[in-house]
Amino acid sequence: MLIVMRKTADEKAQEEIKSFLIERGFDIHQSTGANRVIIGVIGDTESLTESDIQAFPGVLQVVRIAKEE
């Protein structure tokens, strides 16, 4: 799963979502670009719904990566 943060998202918003994910046992990888921060969620994300993640402040888009069969 990839979480794209809004360019207006502050550090607090980023920390809030990262803490949420880490507390649930996921690893994360953050990529910080000139205009966006993308948080990669590593682990079995089937228990996460896009709408739950989208509800966090500062989240622009949630992209689920298809499982390889």
Exercise: identify the closest heavy-atom pair between D44 and F26: O-CE2, 3.2 Å
message: To the closest 0.5 Å, what do you measure between CE (M1) and CD1 (I39)?
response: 12.0 Å
message: Assigning hydrophobic clusters by single linkage (Ile, Leu, Val, Met, Phe, Trp, Tyr; side-chain heavy-atom cutoff under 4.5 Å), is V37 placed with I28?
response: yes
message: Hydrophobic clusters here meaning ILVMFWY residues chained together by side-chain heavy-atom distances under 4.5 Å, can you tell me if L2 and L48 are in one?
response: no
Quiz: residues 12-20 side-chain donor-acceptor pairs under 3.5 angstrom, not counting sequence neighbours:
residue	atom	partner	partner atom	Å
E15	OE2	K18	NZ	3.2
K18	NZ	Q30	OE1	2.6
S19	OG	E15	O	3.0

- request: May I ask whether I65 and L21 are part of the same hydrophobic cluster, defined by side-chain heavy atoms of I, L, V, M, F, W, Y residues being less than 4.5 angstrom apart, directly or through others?
  value: no
message: Quick check: is I22 connected to I3 through a chain of hydrophobic side chains (ILVMFWY, heavy atoms under 4.5 Å apart)?
response: yes
statement: In short, salt bridge (Lys or Arg N to Asp or Glu O under 4.0 Å) pairs touching residues 24-41 with sequence neighbours left out are none
Identify each donor-acceptor pair in which a side-chain atom of residues 52-59 lies under 3.5 Å from a protein atom, sequence neighbours left out, and give them as a table.
residue	atom	partner	partner atom	Å
D52	OD1	T49	OG1	3.4
D52	OD2	T49	OG1	3.0
Q54	NE2	V59	O	3.4
Q54	NE2	L60	O	3.2

- prompt: What is the minimum heavy-atom distance between K7 and N35, and which atoms define it?
  reply: CB-O, 2.9 Å
- prompt: What distance do E11 atom CD and M5 atom CE have between them, rounded to the nearest 0.5 Å?
  reply: 9.5 Å
